[in-house]
Amino acid sequence: MKSKGRAGQVAILAQKVRKQYPGGTEPALEDFSLHVEQGEFFGLLGPNGAGKTTAVSILCGLFPPDSGLVRIMGLDVCSQGRAVKALSGLVPQDLALYEGFTVSENLRFFGRLYGLGGRRLQRRIDWCLELAALADHGDRLVKTCSGGMKRRLNLVAGLLNEPDILFLDEPTVGIDAQSRNLIHEQLLRLKDQGATIIYTTHYMAEAMELCDRIGIVDHGRLVAEGPPGELLQRSSCDSLEALFLHLTGRQLRDS
Amino acid sequence: MESLQTAWPKILAAVAKELLLLRRDRAALLVLFIMPAVLVVVLTLVQENIMGLTGQEKTRALFLDLDGGRVGRSLQEALAGGEGFELTVLDGRQVDETELRQRVRSGEHQVGIVVLADASRRLRSLTGRLVRSLPDRTEVLSPVRVVFDPGSMAALRAAVTARLRMALQMIALEDKLAVLDRELNQGLADLGLPPETVPAPFSSLGEILARPVLTLEAETADAKMRHDPVQQNVPAWALFGIFFTAIPVAVTILQERNSGIRIRLESLPVSPLVLFTGKVAAYIGVCVCQFLLIALLGMYLFPFLGLPAFDPGPAPLSLLVVIVAAGLAASGYGIFLGTVCSSHEQAAALGPTTIVAAAAIGGIMVPVYTMPPVMRKISVVSPLNWGLNSFQELLLRGNGLGAITDDLLRLALFFLVTVLLAWKLART
């Protein structure tokens, strides 16, 4: 990462954010506020449709909120969107890779769009391949890679620009335990190097293992926030999953 | 907005990405390069054959003279002397009309002409009766029978029939004059006057009437330019291929939208305009390559196939302007398709169907002037028609860019409208 994050300094500040999609019956986010410090590993949990992806999309500048304030490393997401994008990285929930390209060609293309070139780009590609344990597979077409390899490549494609803030939207969905373990290890390594990480997941064990703090989102609002251990202590629940179900209910969220 | 200095390498990266995706897509390469190349060769060869069937080439005719008299000889001379026939004369002692019919039916020759036995004697007798007594009802002779290949087209039949009628009228006229001359001399002799008594114009009446004094000058409006299937088909099928670039454009957009790629691209510090420019520039490059391929085939392969070589005209660079305008229109349509469709299957079905329909309406497959009036009016809505008109102005009529400004503007406007519609749809 570019620089060691300085604890105590604000990386992400969101205040009273509201977002309603055209045609939606209720807002995807309502009165959503968040405060994440530099170097923090923050987990965003919530049932399907709770607003996690919308929150991540607004925080990394994909689209603006209807109202409210969002600042990333002190920069306004709406008016300084490109600067925000330059210092952040997003790993989307769906695989964001060209299947017809090789592993290296994917990284080279996204690296060039980050404005990298020459030796610096090659160094970043090598670093990413190493991090994802794909150094021996650089010339392999993505469509011939396993699910785990694709997930690892999907992750490192978001690290090409050495982001200060990394947004990860369920990056370990549907992969084997080995690949998930590798991704966890590398994310903790990045955190140690100073990166601020926003991580959405449905896996409670992941959140317990990785996150300094978590926020539970439901119906577009942050209903609980704090270190996982502290949240459990404050409640009468004996596990994060029990707390989650207590806060968000047992009703299925299919729509 | 990004500065040009930072945007330029990103545009190049986007161009390289599009070209690499296309290079790895064999089906798309087949559709963009092999399909128009095959179509232009096959259809030009077929249309050369149609020229033969419609009489634009020499008509292969069998000639069987069962008369052996003046009618047969004169008709053979009249047909062999012109440019329209490649005459094969059969020997009436060895071949009969049935065999001639079989040979024509087999397609070996397009026309069979039979001068019936006794035709000269019957003509002489008829004209003699006509001149001497001018009966109320004139008997009509049919001294010649024409047999056509069942596959020959109406235009060829009409041309051959007209030519034969003209030749027969000349023969009949000559015969009437000969009889008149003979009767005149006989009348003078009966009166005891020498033949020199007839005043000069009447003594050489036969020669005067036979000598042509009117002729028809028929030529193409601009004789400098060629108009044949090669000059029509090379730009037409290149244009067809160019519009098929809309399919890979749409497919890449769908691929990016239906995976997480679009979200990743939106999360990068790069303007959507940069990615859009890269996509359009890459496919305009593809369009130029397509046209080059088809033009080179026309210039260097066609002569080996017995076809005339394609002539790129006096200002080949003007063609580049049309290619770029057509490429823009095709890319715009591809972007629109990629936005409207929700799956690769939809784009793969809707894209080719609409392009083939627009090509048919626009005159790519059949020239617009051969269409019914309603279709001729509809043809002006097809972007392929605008592109084809532009090529024809440059290649067939020898005009410059000034003459095609309207069509170029229409193509550019089509690009703008489709892109704006796509942008509006993408936002909703």
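Since the structure is predicted, the reported quantities are computational estimates derived from the model, not experimental observations. A note on names: the letters A, B, ... follow the listed sequences, proteins ahead of strands, and every chain is numbered from 1.
There is no contact between A/Ala83 and chain B, counting heavy-atom distances below 4.5 Å. For chain A, the nearby part of B/Leu265 is the side chain; its heavy atoms alone come within less than 4.5 Å. Residue A/Asp169: no heavy atom, backbone or side chain, is found under 4.5 Å from chain B. The parts of B/Ser267 that come within reach of chain A are both its backbone and its side chain, each placing non-hydrogen atoms under 4.5 angstrom from that chain. Using a 4.5 Å cut-off between heavy atoms, B/Leu12 does not touch chain A at all.
Here A/Leu113 is the residue among A/Leu62, A/Leu113, A/Asn154, A/Asp94 with the most heavy-atom pairs under 4.5 Å with chain B.
Note that CG of B/Leu268 is 5.0 Å distant from OH of A/Tyr114, once rounded to the nearest 0.5 Å. A distance of 8.0 Å separates CG in B/Leu20 from OG1 in A/Thr102, rounded to the nearest 0.5 Å.
In this structure, the side chain to side chain donor-acceptor pair (under 3.5 Å) partners of B/Asn233, at least two apart in sequence or on a different chain, are B/Thr44, B/Gln47.
Side-chain N or O atoms of A/Arg112 include none that pairs as donor or acceptor with a backbone N or O of B/Ala13 at under 3.5 Å. Between the side chain of B/Lys17 and the backbone N or O of A/Glu105 there is no donor-acceptor pair closer than 3.5 Å. Side chain of B/Arg264 to main chain of A/Leu95: no donor-acceptor pair is present (N/O by atom type, distance under 3.5 Å, no hydrogens or angles).
Annotation: side chain of A/Arg82 is in contact with side chain of B/Ser271 (closest heavy-atom distance under 4.5 Å). Using a 4.5 Å cut-off on side-chain heavy atoms (C-beta onward), B/Leu21 and A/Phe101 make contact.
Side-chain contact, B/Glu256 with A/Tyr98: a donor N or O sits under 3.5 Å from an acceptor N or O.
Of residues 407-425 of chain B, not one residue has a non-hydrogen atom less than 4.5 Å from any non-hydrogen atom of chain A.
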